[in-house]
Amino acid sequence: MTNKEFSLFRKLLYSEYGIYFDDSKKGILKIKVDKLLRMNNMNSYRDYYELLKNPIEKQHLIDFLNIMTVNKTHFFREQNHFDFIKENLSEILQKNPMILKEKKIRVWSSASSTGEEAYSIAILLNEIMPKDIEIKILGTDISQRALKIAIKGRYSPIIKKQIPKYYLHKYFVKIGEEYIVKSNLKKMVQFRGFNLKDKFPFKNGIDIIFCRNVMIYFDEIFKEELINKFYKITPKGGLLFIGHSETIRNLKHKYKYIKPTIYIR
Ligand SMILES: C[S@@+](CC[C@H](N)C(=O)[O-])C[C@H]1O[C@@H](n2cnc3c(N)ncnc32)[C@H](O)[C@@H]1O
């Protein structure tokens with residue numbers, strides 16, 4: 001892959017999805033594009049790039065995003081975020097009074113990958129929220145492969161190590177070796193495709209936004225743009241959680257800092 005070819009793919013990924021491959025990641029990008037060339041029986045980077053610019057079938061773009069994204073996640077990842085919500089629930093409800101007034105809490109897992117984050121939030125909120133509050137969780141991602149797994153809600157026995165036994169039995173059915181999310185949990189969570197680069201389509205505010213372990217793939221310019229888009233849909237008292245290896249402290253935004261990786265409007 002020549003430097004020119006590398007910069008074509010880099011530009012495409014950045015302008016369409018905000019994902020930025022700096023020069024040090026040329027090797028990783030090449031491995032991924034090589035795999036896509038093999039999948040499409042092609043041998044020219046240029047021809048494949050042209051195909052992505054004018055895809056004959058939607059599937060070409062779907063395959064591209066499935067391969068380009070990193071979907072690593074697990075249940076109750078970065079546990080202290082879940083602890084924070086549990087320990088500060090009355091303050092959260094007091095600072096954002098619309099939740100009790102509307103009897104509804106809206107949460108967005110904005111890079112939900114295979115669904116573990118969204119289902120973890122659902123478990124937590126179902127355990128701690130007053131029973132008359134409707135829990136609405138939206139999980140979105142650009143990887144169709146990841147979304148399919150999230151929608152199915154079927155997970156391998158690995159999750160036994162990630163979820164306390166009591167919750168595992170309460171919220172999952174074991175069929176064969178697999179653990180399947182029960183319908184009482186599933187009905188709180190909706191998944192759909194959404195690119196964080198796009199204009200947000202929400203009519204209502206989102207009380208809690210999880211944007212974790214995706215901004216590491218973005219550059220400072222897009223991160224700042226994104227955080228400001230989040231702010232606009234956050235009601236007063238609403239929260240933003242970011243990943244532990246991420247920071248927004250050097251960006252211009254109006255969120256108030258609570259503690260590392262936790263912000264409030
Ligand atoms: C490492 S996973 C993070 C999953 C989960 N939030 C967590 O912290 O465990 C990153 C996810 O971000 C998604 N992603 C990358 N760029 C995106 C974009 N522009 N819009 C929406 N999702 C994106 C990827 O498809 C991937 O599933």
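Order of appearance sets the numbers: ligands from 1, and atoms from 1 within every ligand. Fair warning: this is a prediction, and the values are worked out from it, not measured in the lab. Throughout, numbering of the chain's residues begins at 1 and tracks the sequence.
Checked against salt bridge (Lys or Arg N to Asp or Glu O under 4.0 Å), D22 has no partners two or more places apart in sequence or in another chain. Residues that satisfy the ring pair (Phe, Tyr, Trp, His ring centres under 6.0 Å) test with F76, not counting sequence neighbours, are F82.
Screening residues 148-169 for side chain to side chain donor-acceptor pair (under 3.5 Å), with sequence neighbours left out, gives R154-E178.
Proximity of the aromatic rings of F218 and Y20 is defined here by a centroid distance below 6.0 angstrom, and this criterion is not met.
A salt bridge is defined here as a Lys NZ or Arg NE, NH1 or NH2 lying under 4.0 Å from an Asp or Glu carboxylate O, and E220 with K223 meets this definition.
Contact residues for ligand 1 (protein heavy atom closer than 4.0 angstrom to any ligand atom): Y17, I19, T69, V70, N71, K72, T73, R77, A111, S113, E117, D141, I142, S143, F194, N195, L196, R212, N213, V214, F218.
Two residues are said to be in side-chain contact when any heavy atoms from C-beta on lie closer than 4.5 Å; T73 and N213 fail this criterion.
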